[in-house]
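Given the structure is predicted, the values throughout are model-derived calculations rather than measurements. We name chains A, B, ... by the order of the sequence lines, and we start the count at 1 in each one.
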There are 2 protein chains.
Amino acid sequence: MLTLEDARKALAKGSVIIFAGPCTVVYEGRATSRLGVGERLVLIKKDRSILVHRPTGHEPVNWQPAGSMIDFLTENGLPVIRASNANELLKISFTAQPSLMVFDLRDTAEFEMYASEEDMKKAVLAKPSLVEPGFKPLEEERQVKRTGRVDILGLDALGRLVVVELKRKPATPEDVRQLSAYVESLNSEFGRKPRAILAAPSTTKAARREMEKTSVEFRCLTPRRCMQVLREAKGLDSYL
Amino acid sequence: MLTLEDARKALAKGSVIIFAGPCTVVYEGRATSRLGVGERLVLIKKDRSILVHRPTGHEPVNWQPAGSMIDFLTENGLPVIRASNANELLKISFTAQPSLMVFDLRDTAEFEMYASEEDMKKAVLAKPSLVEPGFKPLEEERQVKRTGRVDILGLDALGRLVVVELKRKPATPEDVRQLSAYVESLNSEFGRKPRAILAAPSTTKAARREMEKTSVEFRCLTPRRCMQVLREAKGLDSYL
DNA sequence: CGTGCCAGGTGCCAT
DNA sequence: ATGGCACTTGGCACG
């Protein structure tokens, strides 16, 4: 039978700990939450992040991010876990003796993710016609305005300034507003309105309405298509 | 030693399963990800949600939401877990025999969360002067416009229409733009511009600039203060 | 460190 | 199903 002292040692040693048992959970911080008695899993990782998982739902019901202070206490003969940082406190009180498991996990692998918005940008820079025929990106690095950044700034076939905003998901009214704000910002800077192109796999209806009001143009562009382009470009690179 | 057959039975019975061991992970779906060999915990819950946890970081490195199809396979004598739905596939391939744990968790407790934006709204409806003296909410239910919803619509002391937007976090330029869009929408509907009040604990500098341009007003209102008001109102209720 | 913004965001509730 | 939005959002990159 592992004890709280074992848990302390395991955490100090850099192991991952799991408690399994019935508990109540209280959180006070950015918000406040209460959870009555139920059987849960409590994961404590080597970076002192902590997760409370119920038997359903792929998200933890409560948590504390890495770097928390973790205290293992005993109240009325039962274990209590306090995970706190400057502004937040998570308190897990077991209502019966939980089981305790300790794991020594070694994991140094790189995590690689593809088809992000960043990948869409790379694809457009590799093949600007994805935006429209004759499109020429101006700056490879993101252009910074008074506030926020423009995904891609370029010139169209007629030499007009074009602001391109990329989205990997269906474009929302918020996306349109964001782009319009850039247009206004560039307008007051250069005294001329740039064209604005929102490149995304699709738009919501409301976004479409917002686009008509603000003369933002839509260009259908999917992350999938961008990945194809990147693969082709890469294939070419490795051939050269 | 528990086997994959035990895992299948446990899942069918509604237990929660944890695999611990070295594995590689591949995800294909909305994006694509690769993770090389490393030791991880794999949680499979009774709703067939699945989580892959590395020894650090409070978020899972890969996952699949509830309702996935979970297959336990054997490749080269080692366990493979496939979790798939209509458009997504998660494949976890162990590179050595993992340990397998099974938990029967009973958890029917209600989870209660306070200090949400919804609570701020309740507080304002209970005590409209939180917005400003003389403020009178018009609609308790959220008002639906052409698109989206207004948090609170009301009249000020002089009988002018007021749109109130509540935020539990420092207000951003996007919040201001969202509110301005409502103002425009209401303007074209009623032919007169309503006042717009953004009630939040604070604003970012850029939001402040955006507010000056669009005549959106700021009102300092914290979730904390709202919770106080709700407690007082509740106290009064229970007294009556 | 504040500010802004992407994310396989997730989840909740509306039409 | 789709849409619109809050979330203890988390995370990163950049000023």
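For B/Phe103, there are no ring pair (Phe, Tyr, Trp, His ring centres under 6.0 Å) partners at least two apart in sequence or on another chain. With sequence neighbours excluded, the residues that form a salt bridge (charged side-chain N to carboxylate O under 4.0 Å, His left out) with A/Glu132 are A/Arg195. Residues satisfying the salt bridge (charged side-chain N to carboxylate O under 4.0 Å, His left out) test with A/Glu174, not counting sequence neighbours, are none. When the ring pair (Phe, Tyr, Trp, His ring centres under 6.0 Å) test is applied to A/Phe94, the partners found at least two apart in sequence or on another chain are A/Phe19.
The distance between atom CZ of B/Arg224 and atom P of D/dT8, rounded to the nearest whole Å, is 17 Å. Rounded to an integer number of Å, the gap from A/Glu118 CD to D/dA13 P is 10 Å. Between the CD1 atom of B/Ile152 and the P atom of D/dA6 there is a distance of 13 Å, given to the nearest Å. Rounded to an integer number of Å, the gap from NZ of A/Lys167 to P of D/dG3 is 17 Å. For the pair A/Lys121 NZ and D/dC12 P, the computed distance is 18 Å after rounding to whole Å. Note: CD (A/Glu174) to C1' (D/dG3) measures 13 Å, nearest angstrom. Atom-to-atom, CG of B/Leu179 to P of D/dA6 comes out at 12 Å; the value is rounded to the nearest Å. Counting to the nearest Å, the P atom of D/dC5 and the CD atom of A/Glu210 are 10 Å from each other.
Dashed line: the shortest gap from a side-chain N or O of A/Lys169 to OP1 or OP2 of C/dA7 is not under 4.0 Å. Contact check, B/Arg168 against D/dT8: no side-chain N or O comes under 4.0 Å of OP1 or OP2. Put simply, A/Thr204 has no side-chain N or O that comes within less than 4.0 Å of OP1 or OP2 on D/dT2. Between B/Tyr182 and D/dG4, a side-chain N or O to OP1/OP2 separation shorter than 4.0 Å is absent.
Contact check on B/Lys121 versus B/Asp151 returns no salt bridge, with no Lys/Arg side-chain nitrogen under 4.0 Å from an Asp/Glu carboxylate oxygen. For the pair A/Glu165 and A/Lys167, the salt-bridge criterion is met [side-chain N within less than 4.0 Å of a carboxylate O]. Salt bridge status for A/Glu210 with A/Arg208: absent, with no side-chain N to carboxylate O gap under 4.0 Å. Salt-bridge check for B/Arg177 with A/Glu184: failed, with every basic side-chain N at 4.0 Å or more from each acidic carboxylate O.
In this structure, the nucleotide among C/dG8, C/dG4, D/dC7 sitting nearest to the side chain of B/Glu117 is D/dC7. Comparing C/dG8, C/dT3, C/dG4 by their nearest atom to the side chain of B/Lys205 picks out C/dT3. The side chain of B/Glu88 lies closest to C/dG8, out of C/dG8, D/dC7, C/dT3. With D/dG4, C/dG4, D/dC5 as the choices, the nucleotide that has an atom nearest any side-chain atom of B/Ala206 turns out to be C/dG4.
If you find the closest nucleotide of DNA chain D to A/Ala207 and to B/Ala115, the one lying nearer the 5' end belongs to A/Ala207.
Summarising the local packing, CZ of B/Arg82 is surrounded by 12 or fewer heavy atoms from other residues, nucleotides or ligands at distances under 6.0 Å.
Scanning residues 19-54 of chain B for heavy-atom distances under 4.0 Å to DNA chain C yields B/Tyr27, B/Arg30, B/Ala31. Within residues 55-68 of chain A, the residues approaching DNA chain C are A/His58, A/Glu59, by heavy-atom distance under 4.0 Å.
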> Between B/Val80 and B/Ile92, is a side chain to side chain contact (heavy atoms under 4.5 Å, CB included) present by the stated rule, with each step listed?
Replying inline: CA-CA 6 Å; B/Val80 168; B/Ile92 303 161; over 6 Å; no
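The gap from the C1' atom of D/dT9 to that of D/dC5 amounts to 12 Å, rounded to the nearest Å. Look at the C1' atom in both C/dC6 and D/dC7: the space between them is 15 Å, to the nearest Å.
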